There are 2 protein chains.
Amino acid sequence: MADKEERRIPEASVARLPIYLRCLSELTETAVATVSSVSLAELAGVNAAKVRKDLSYLGSYGTRGVGYEVEYLTHQIRLELGLTQDWPVVVCGMGNLGQALANYGGFGSRGYPIGGLIDADPAKVGTELHGHTIHHIDDLDRVVEESGATIGILATPAEAAQSVVDRMVEAGLKSILNFAPSIVSVPEGVSLRKVDLAIELQILSFYQGRSEQDLTPPIVSR
Amino acid sequence: MADKEERRIPEASVARLPIYLRCLSELTETAVATVSSVSLAELAGVNAAKVRKDLSYLGSYGTRGVGYEVEYLTHQIRLELGLTQDWPVVVCGMGNLGQALANYGGFGSRGYPIGGLIDADPAKVGTELHGHTIHHIDDLDRVVEESGATIGILATPAEAAQSVVDRMVEAGLKSILNFAPSIVSVPEGVSLRKVDLAIELQILSFYQGRSEQDLTPPIVSR
DNA sequence: TAGATTGTTAATCGATTAACAATC
DNA sequence: TAGATTGTTAATCGATTAACAATC
């Protein structure tokens, strides 16, 4: 076949790798050295064949008859996901949600330190939050450059979302996590994911009304 | 065929209905009376054929040669999603994220009023947040009953997640939106969706490292 | 009638999963 | 060698999308 590039991990598999990673870190904490696809599947809440298939895209890191070495597999997944380096994030929009995200300590410890906080309100600019000064959106380019950030979190009101995201892209951010209740578009080459609390609740509402026979299967992440 | 029950909307379509709803409300604001599948698709960031297919599961609410009446379609989707009534939500875990969610005004106005706030820390119990008193987890049953809530938001630390979710299920909640960085399981008949900030960031990291030829397609919600 | 757009069919694509040979 | 478990194949299922007849 002589194809030059073999490696292409399906989107659905990529989305599950972080879940496996979390399960593996639990296993590390409880001093478990090896894990079978069946056990890992149980922890992750998925089918065992799916686990094996997902992991096979990374390479052959398991041992037949034994399972996967927890530490080694952890390392390989982290490598694949690019988690061997820190990825500073710039948070745009310091309303309720933006402030909560900035105060949430979990990011830094997971390899996503705050690279900068941004708002358009002059009253907020210059104030401190969780040890970070809030900068004006006009200084976004500089903040991105100085922090080396490539990931941006969009937490503005819906009205401002598209114009802020345009400026984020212009400032050089390559990945955007959109918390604004709005559909935004980005040029090719920029990754976009969306988290929308109201939409999640509305999806749950749908399955609320259903009768016993058609139950929703549990859905993860989204 | 004489099947008794025709209506079964695919999961992927259900998940897009709230997105269409949001686009339709924008159209209403700008006084647009009818919309074609092509325009709606553009607003929602999806394929037009997909819009027509999704909407066809609701019934034949469009007019050939014309499009869909915005107001009528809005009503039908809201009906299908069960958004004609309020769904009080109980928030369990009043840490950073739980507090932010409680303070976030967007829920009430969208039909998800706060039905109760819950924590296990005696120091927090009894204090007020956004006009709601924080109750102890031991009073969960009573809070659920009195508020009539069927949806719960889980915002505890990872360690407490499964035990709290068990109590939420026991208290009668039928849908749970899990913000805790942990995989939890629920019995059949209970819906579960998960929102995990760290996992979203890790998925973005994966696509960061990729070369130009294999770009991530934008992914919405999930 | 001519133009526009739906609703639906059918082809295609990607994801899931059971099954099992390979192999530790 | 016997038992366990991976890695992979192939069948199946569900979602996407192009195409077009129906029809406003």
Side-chain angles (χ1 to χ4, degrees), chain A residues 1 6-17 19-20 24 27 32-70 72-73 76-77 80 203 214 216-222, chain B residues 1 6-17 19-20 24 27 32-70 72-73 76-77 203 214-222:
Chain A
M1 301 273 167
E6 253 261 60
R7 204 126 306 292
R8 192 81 272 269
I9 307 183
E11 229 176 294
S13 292
V14 169
R16 280 187 297 267
L17 293 180
I19 299 174
Y20 300 145
L24 290 170
L27 291 171
V32 174
T34 62
V35 65
S36 69
S37 60
V38 171
S39 309
L40 187 52
E42 205 170 319
L43 286 170
V46 301
N47 179 294
K50 199 186 273 185
V51 169
R52 290 198 296 277
K53 191 125 235 278
D54 288 341
L55 297 182
S56 75
Y57 293 118
L58 309 181
S60 289
Y61 297 137
T63 306
R64 288 164 204 244
V66 178
Y68 302 86
E69 211 216 307
V70 172
Y72 185 56
L73 186 58
Q76 291 300 332
I77 295 180
E80 192 65 44
I203 295 171
D214 44 24
T216 173
I219 301 166
V220 177
S221 281
R222 147 340 341 78
Chain B
M1 304 275 167
E6 253 262 62
R7 206 122 309 290
R8 189 80 274 265
I9 307 183
E11 229 177 293
S13 292
V14 169
R16 279 187 297 267
L17 292 180
I19 298 174
Y20 300 144
L24 290 169
L27 291 170
V32 174
T34 62
V35 65
S36 69
S37 60
V38 172
S39 309
L40 187 52
E42 205 168 323
L43 287 170
V46 301
N47 180 293
K50 198 185 275 185
V51 169
R52 290 199 296 278
K53 192 127 234 279
D54 287 342
L55 298 182
S56 75
Y57 293 117
L58 309 181
S60 288
Y61 297 137
T63 308
R64 288 164 203 245
V66 179
Y68 301 87
E69 212 214 308
V70 172
Y72 185 56
L73 185 56
Q76 291 301 332
I77 295 180
I203 295 171
D214 43 23
L215 299 164
T216 173
I219 301 167
V220 177
S221 280
R222 150 67 108 173

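Keep in mind that what you see is a predicted model, and the values were worked out from it rather than measured. Note: hydrogens, waters and symmetry copies are ignored here, and every other heavy atom, side chains too, is used.
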Give a yes/no answer on whether the side chain of [X] brings an N or O atom under 4.0 Å of OP1 or OP2 in [N].
| X | N | value |
| --- | --- | --- |
| A:Ser37 | D:dT6 | yes |
| B:Ser36 | C:dT5 | no |
| B:Tyr68 | C:dA4 | no |
| A:Tyr57 | D:dT8 | no |
| B:Arg52 | D:dA18 | no |

Nearest-Å distance for atom pair [atom1]/[atom2], residues [X] and [N]:
| X | N | atom1 | atom2 | answer |
| --- | --- | --- | --- | --- |
| A:Tyr61 | C:dT23 | OH | P | 19 Å |
| B:Leu55 | C:dT8 | CG | P | 12 Å |
| B:Leu40 | C:dT6 | CG | C1' | 13 Å |
| A:Tyr72 | D:dT6 | OH | P | 16 Å |
| A:Asn47 | D:dC13 | CG | P | 15 Å |
| A:Asp54 | D:dT8 | CG | P | 13 Å |
| B:Lys53 | C:dA11 | NZ | P | 14 Å |
| B:Lys50 | C:dT6 | NZ | C1' | 18 Å |

ask   = Do A:Thr34 and A:Val70 have side chains that get closer than 4.5 Å, going by heavy atoms?
value =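 Contact flag for A:Thr34/A:Val70 side chains = no.
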
task = Please determine, for C:dG3, whether a Watson-Crick or G-U wobble partner exists with both distances under 3.5 Å, and give it or none.
result =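 Across any shown strand, C:dG3 pairs with D:dC24.
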
request  = With a 3.5 angstrom cut-off on both distances, give the Watson-Crick or G-U wobble partner of D:dT12, or none if there isn't one.
outcome  =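 Here D:dT12 is engaged in a pair, and the nucleotide opposite it is C:dA15.
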
So, for [X] and [Y], which heavy atoms are closest and what is the spacing to 0.1 Å?
| X | Y | value |
| --- | --- | --- |
| B:Ala44 | B:Ile19 | CB-CG2, 4.0 Å |
| A:Val51 | A:Tyr20 | CA-OH, 3.6 Å |
| A:Ser13 | A:Tyr57 | OG-CE1, 3.5 Å |

ask   = Should the heavy atoms of other residues, nucleotides or ligands under 6.0 Å from CD of B:Glu69 be counted, would the total exceed 12?
value = yes

message = Please compare A:Val66 and B:Gly65 by the position of their nearest nucleotide in DNA chain C and report the one closer to 5'.
response = B:Gly65

Closest-nucleotide 5' rank along DNA chain C - winner of A:Arg64 and A:Arg16 = A:Arg16

key: Touch class at under 4.0 angstrom, heavy-atom based, for A:Ala49 against every strand present   =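 Base contact.
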
